[in-house]
Structure formats: C-alpha cells, structure tokens
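Count residues from 1 along the sequence. Everything quoted here is computed from the prediction, not taken from an experiment.
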Amino acid sequence: APQYSSVMMSVLVRPEQDPARWGWIPLLTALAIVDPVRALGASATVKWPNDVLVGDRKLAGILCEVVPTAQGGAVVAGWGVNVDQSEAELPGETATSLRLECGPVDRAALLLDVLDSWERWYRSWEADDDRLFPAPFMRRLARVRLDIEADEIDGGHCVALSQPKELADRLEGFLDE
C-alpha cells in the first residue's frame, strides 16, 4: 500500500479465557472494524473468518496468531484497513478503500475509533459475555457461501454450530437486519 494510505495495527493480548475460546478474537476484531466503518457511511460486512468487505470488495484484512511469551500464551491480533487508495493504487479489482466508498477519511480518527471499538468487544468477550457476539456478528456477516459442519439442520437452515465455531444456539433470523 502507498505510504500514508492505510491504517494497520497489531495488539498483543494475554487472554484470561480458555485457549479453546481464543478463536473468537478474529471475529471480535472484525466487529470492531465494521462498526466504525459503517459509521462513516460504508456498508461494511464481515467475510468470515477474517476479512471486512464493502459489497463484494475487500476493505480490510485480519490476522490473529497465538504466540508463546515468557508470561504464557498470548494472541497478536492484527488488521489493516484500506483508507486512502485510488482505484489504481489498490492491489486488485477485488479490493476497495474508504476513499472510494465514502470520500476522504481521517486515518488517525479511524485508528482511534477502531481501537476503541476493539477494546469494547474484547472486554465483553473477556467478561465471558458470549451472548453479545452471535447476533451482532451474524447481522454483520456478508452473505457468502460457507462450508461448515453443522450439529443440526432444520429445513435447510443451519441452526447450531459446533465448538469452536459456536456463533449461536440458533442462527435462524439473525441475518435479518
């Protein structure tokens, strides 16, 4: 990406949650990006598990990695958002930027908004409040085909997902916004 055209950030956290639940971190990171981007006027959605789209074009990518530290396991959550690229500066036809979607954006303000949003989602998750995640996540999910293993199928609708993909006890209706 051209210099000064994106917002890229990584945070290192040492979750107190069971490591089996750390798979939520990329999902809460996606939520943390989508909310401030929507506030700017772009119709952002999550492409499970680690992209943020506007329409069918990629606006942001997320990468989370478990790392060993002297204090125990940790997670590095990183993300990058295309902010001020022209069509010609993007890496391909499947990418977009906030500049193209909603006009000029202050990168510093966006960084602060995303980080603030990330902290709120992360603290809710650390408080073991999973009931907050399924509905908001599913409402922000891009309507893309996902190959998943379902615990239960009801009339062609997946109604329950296995661990660690536990997004909801019942998914039906969450996509209606």
Side-chain angles (χ1 to χ4, degrees), residues 6-40 42-54 57-69 71-83 96 98 105 107-144 146-151 158 160-177:
S6 301
V7 169
M8 296 176 225
M9 177 167 217
S10 296
V11 295
L12 181 131
V13 290
R14 292 183 176 82
E16 295 179 13
Q17 293 283 353
D18 181 331
R21 298 189 61 247
W22 293 4
W24 279 102
I25 295 175
L27 306 179
L28 70 88
T29 301
L31 292 173
I33 295 169
V34 166
D35 291 345
V37 167
R38 283 185 172 185
L40 294 170
S43 58
T45 58
V46 177
K47 180 182 175 194
W48 186 18
N50 59 355
D51 289 331
V52 174
L53 305 178
V54 175
R57 298 177 75 185
K58 183 175 176 176
L59 177 71
I62 299 159
L63 181 61
C64 296
E65 184 174 347
V66 176
V67 295
T69 70
Q71 295 82 25
V75 177
V76 176
W79 59 89
V81 181
N82 297 329
V83 178
T96 191
L98 286 173
V105 172
R107 288 180 315 113
L110 177 67
L111 182 138
L112 292 174
D113 289 346
V114 170
L115 191 55
D116 184 55
S117 179
W118 194 89
E119 182 181 21
R120 280 193 312 273
W121 284 111
Y122 181 78
R123 288 185 186 276
S124 289
W125 174 76
E126 276 284 41
D128 203 23
D129 203 353
D130 285 349
R131 65 182 164 68
L132 294 178
F133 291 100
F137 181 78
M138 295 307 294
R139 283 194 304 269
R140 291 163 179 82
L141 186 64
R143 293 178 188 245
V144 296
L146 299 175
D147 293 323
I148 58 173
E149 291 186 25
D151 290 334
C158 174
L161 294 175
S162 301
Q163 285 276 17
K165 297 175 186 139
E166 149 194 348
L167 296 177
D169 293 335
R170 185 148 179 94
L171 298 178
E172 195 171 319
F174 284 141
L175 291 177
D176 299 329
E177 190 167 272

If I take atom [atom1] from residue [X] and atom [atom2] from residue [Y], how far apart are they, to the nearest 0.5 angstrom?
X: Leu27; Y: Asn50; atom1: CG; atom2: CG; result: 9.5 Å
X: Leu59; Y: Leu53; atom1: CG; atom2: CG; result: 8.5 Å
X: Trp79; Y: Ser10; atom1: CH2; atom2: OG; result: 7.5 Å
X: Asp116; Y: Asp35; atom1: CG; atom2: CG; result: 11.0 Å
X: Met8; Y: Arg107; atom1: CE; atom2: CZ; result: 9.0 Å
X: Glu126; Y: Leu28; atom1: CD; atom2: CG; result: 9.5 Å

Counting C-beta onward and ignoring hydrogens, is there a side-chain heavy-atom pair between [X] and [Y] closer than 4.5 Å?
X: Leu115; Y: Met9; value: yes
X: Val37; Y: Val52; value: no
X: Val75; Y: Leu12; value: no
X: Arg38; Y: Ser43; value: no
X: Pro26; Y: Pro49; value: no
X: Val81; Y: Leu98; value: yes
X: Trp125; Y: Arg21; value: yes

Arg123: salt bridge (charged side-chain N to carboxylate O under 4.0 Å, His left out) partners, not counting sequence neighbours: Glu119
Using atom types as modelled and distance alone, determine if a side-chain donor or acceptor of [X] lies under 3.5 Å from a backbone N or O of [Y].
X: Asp51; Y: Gly61; value: no
X: Glu65; Y: Val76; value: no
X: Ser117; Y: Asp113; value: no

Please find the pair of heavy atoms, one from [X] and one from [Y], that lie closest to each other, and give the distance.
X: Asn82; Y: Lys58; value: ND2-O, 3.7 Å
X: Ala74; Y: Arg14; value: CB-CG, 3.9 Å
X: Trp22; Y: Pro15; value: NE1-CB, 3.3 Å

For Ala39, all residues meeting side-chain contact (heavy atoms from CB on, under 4.5 Å), sequence neighbours excluded: none
Residue list, side chain to side chain donor-acceptor pair (under 3.5 Å) with Glu16, at least two apart or on another chain: none
Side chain to side chain donor-acceptor pair (under 3.5 Å) partner of Thr29, the single match among Trp121, Tyr122, Trp118, Trp24: Trp118
Val34 vs Val46, side-chain contact (heavy atoms from CB on, under 4.5 Å): CA-CA, chis, key distance, verdict: CA-CA 7 Å; Val34 166; Val46 177; 3.7 Å; yes
